[in-house]
Amino acid sequence: MRIATWNVNSIRSRIDRVEAWLQRTDVDVLAIQETKATDEKFPFDRFRALGYDVAHHGLNHWNGVAVVSRIGIDDIEPSFPDAPGWGEPPVVEARALTVSCGGIHLTSVYVPNGRNIADPHMDYKVAWLERLRARAAQRVAAGETAALLGDWNIAPQDDDVWSMEYYLDKSHVSPRERAAFQGFLDDGYVDVVRPHTPGPGVYTYWDYTQLAFQKRRGMRIDFIIGTPAFAARVEGAAIDREERKGKGASDHAPVVVQLAG
DNA sequence: ATGGTAGCCCTGCTA
């Protein structure tokens, strides 16, 4: 079984690429982030024509998460308990969606950006992760085969950015964010991709500006972390860097794991 | 050098 995650940066602008990618990669389940669409504008038919069921959580033209699966989708649950909101008054955004596919609990996550280390959005980011962690920890305790996959907007290690000098005092590498990510690992979650894609210089995201991709100036911020039961089934993983190439690419590359069975 | 590029409710915001 093959499971993947991909921040597509608008499903409508990327649907041709996503369709072609699914057809050539033999992926069974794909978690999508930044659909930037409501259900009315989500291209359900394109996925169904390929044999994939769709669960989508999109409230407006920001954020938006989905899971598409050709092995069935059950137990669809948007967001998570007590998810913090953003704005005044606070509004809970479409940044998480949990489903069950073939007995595996999968959460498509689009972690708030944080913007800057002193920005209120950073407090929102950390609070959001704390609440997600509380729910995720229950899955470890329950012995579930589960994974959280998506765009975490955190580079946990210095090797996960092209230059620590460049990112000094910027978002994504601060101790607060790294501690928030580490919390999931402390609870028993495992980065199932890194053992199969060792660094340095291995990234999942490259800024659109300044020829960042061509200059290999990227970040590793898209992760698949699984419970011990999930991790035990992982046989391999890859970052599809080729998909970042060419006109009309997302700024993120897909990340894929191969599971036994 | 708050530039650069891409996407959305097409225009200022988000990333």
Side-chain angles (χ1 to χ4, degrees), chain A residues 5-19 21 31-44 46 56-66 83-96 108-129 149-156 160-163 165-174 176-177 180-181 203-223 241-255:
Chain A
T5 185
W6 192 3
N7 178 324
V8 299
N9 186 20
S10 166
I11 191 58
R12 280 176 289 164
S13 68
R14 216 71 61 207
I15 184 60
D16 289 347
R17 266 191 181 252
V18 173
E19 183 178 298
W21 187 81
I32 299 171
Q33 299 84 40
E34 279 207 271
T35 64
K36 290 186 169 178
T38 56
D39 280 351
E40 289 68 34
K41 295 186 174 181
F42 190 96
F44 288 98
R46 297 288 292 271
H56 177 234
H57 179 41
L59 299 172
N60 50 46
H61 65 119
W62 300 124
N63 315 303
V65 284
W86 173 247
E88 193 53 53
V91 175
V92 178
E93 301 180 304
R95 292 182 176 275
S108 180
V109 302
Y110 179 44
V111 175
N113 181 283
R115 299 179 184 169
N116 296 294
I117 55 176
D119 195 293
H121 209 262
M122 183 60 70
D123 299 328
Y124 168 51
K125 178 181 197 172
V126 172
W128 192 93
L129 285 164
L149 58 173
D151 177 0
W152 292 75
N153 274 315
I154 298 170
D160 296 329
V161 296
W162 65 274
S163 164
E165 287 76 16
Y166 179 84
Y167 285 104
L168 188 67
D169 294 332
K170 290 190 174 68
S171 175
H172 292 52
V173 300
S174 72
R176 281 181 82 195
E177 296 163 88
F181 184 84
Y203 310 122
T204 65
Y205 162 86
W206 299 261
D207 198 286
Y208 280 126
T209 68
Q210 310 285 107
L211 296 172
F213 181 69
Q214 290 82 347
K215 294 176 180 174
R216 300 181 176 272
R217 296 179 173 179
M219 310 176 83
R220 189 173 75 105
I221 59 175
D222 299 87
F223 296 94
R241 190 178 176 282
E242 292 299 304
E243 188 52 44
R244 181 61 180 79
K245 295 179 179 178
K247 192 173 174 60
S250 168
D251 42 2
H252 294 255
V255 181

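Below, chains carry the letters A, B, ... as their sequence lines are ordered, and counting in each starts from 1. Atom set for the values below is all heavy atoms of this structure, side chains included, hydrogens, waters and symmetry mates excluded.
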[atom1] of [X] versus [atom2] of [N]: gap in Å, rounded?
X        : N      : atom1 : atom2 : result
A:Leu59  : B:dC8  : CG    : C1'   : 15 Å
A:Asn9   : B:dC13 : CG    : P     : 19 Å
A:Arg217 : B:dG4  : CZ    : P     : 16 Å
A:Glu34  : B:dA15 : CD    : P     : 8 Å
A:Asn63  : B:dA15 : CG    : P     : 7 Å
A:Asp251 : B:dG7  : CG    : P     : 9 Å
A:His61  : B:dC8  : NE2   : C1'   : 6 Å
A:Arg17  : B:dG7  : CZ    : C1'   : 15 Å

On DNA chain B, more 5' by nearest nucleotide between A:Gly248 and A:Tyr110 is A:Gly248

Closest-nucleotide mapping onto DNA chain B: is A:Asp151 or A:Ala249 further toward the 5' terminus? I mean the 5' end. A:Ala249

Under 4.0 angstrom, heavy atoms only, what part of the nucleic acid is [X] near: base, sugar-phosphate, or nothing?
X        : value
A:Lys247 : nothing
A:Tyr205 : nothing
A:Asp207 : nothing

The side chain of [X] is closest to which nucleotide in this list: [options]?
X        : options              : result
A:Asn113 : B:dA15, B:dG4, B:dC9 : B:dA15
A:Arg12  : B:dC8, B:dA15, B:dG7 : B:dC8
A:Lys41  : B:dG4, B:dC9, B:dA6  : B:dC9

Students often mix this up, so state it plainly: with edges at 30° and 60°, are the rings of [X] and [Y] parallel, tilted or perpendicular?
X        : Y        : answer
A:His121 : A:Tyr124 : perpendicular
A:Trp162 : A:Tyr166 : tilted
A:Phe181 : A:Phe223 : tilted

[N] phosphate, OP1 or OP2: any side-chain N/O from [X] under 4.0 angstrom?
X        : N      : answer
A:Arg115 : B:dT2  : no
A:Arg95  : B:dT14 : no
A:Lys36  : B:dA6  : no

Can you tell me how far [atom1] in [N] sits from the matching atom in [M], rounded to whole Å?
N      : M     : atom1 : result
B:dT14 : B:dC9 : P     : 16 Å
B:dT11 : B:dA1 : C1'   : 25 Å
B:dG12 : B:dG3 : P     : 16 Å

May I ask you to establish whether A:Arg220 and A:Tyr203 are in a cation-pi arrangement, using a distance under 6.0 Å from NZ or CZ to the six-membered ring centre and at most 45° from the ring axis? no

Which pair of heavy atoms, one from A:Glu34 and one from A:Asn7, lies closest together, and at what distance? OE1-ND2, 3.1 Å

When you compare the side chain of A:Leu59 with that of A:Thr38, does any pair of heavy atoms fall below 4.5 Å? no

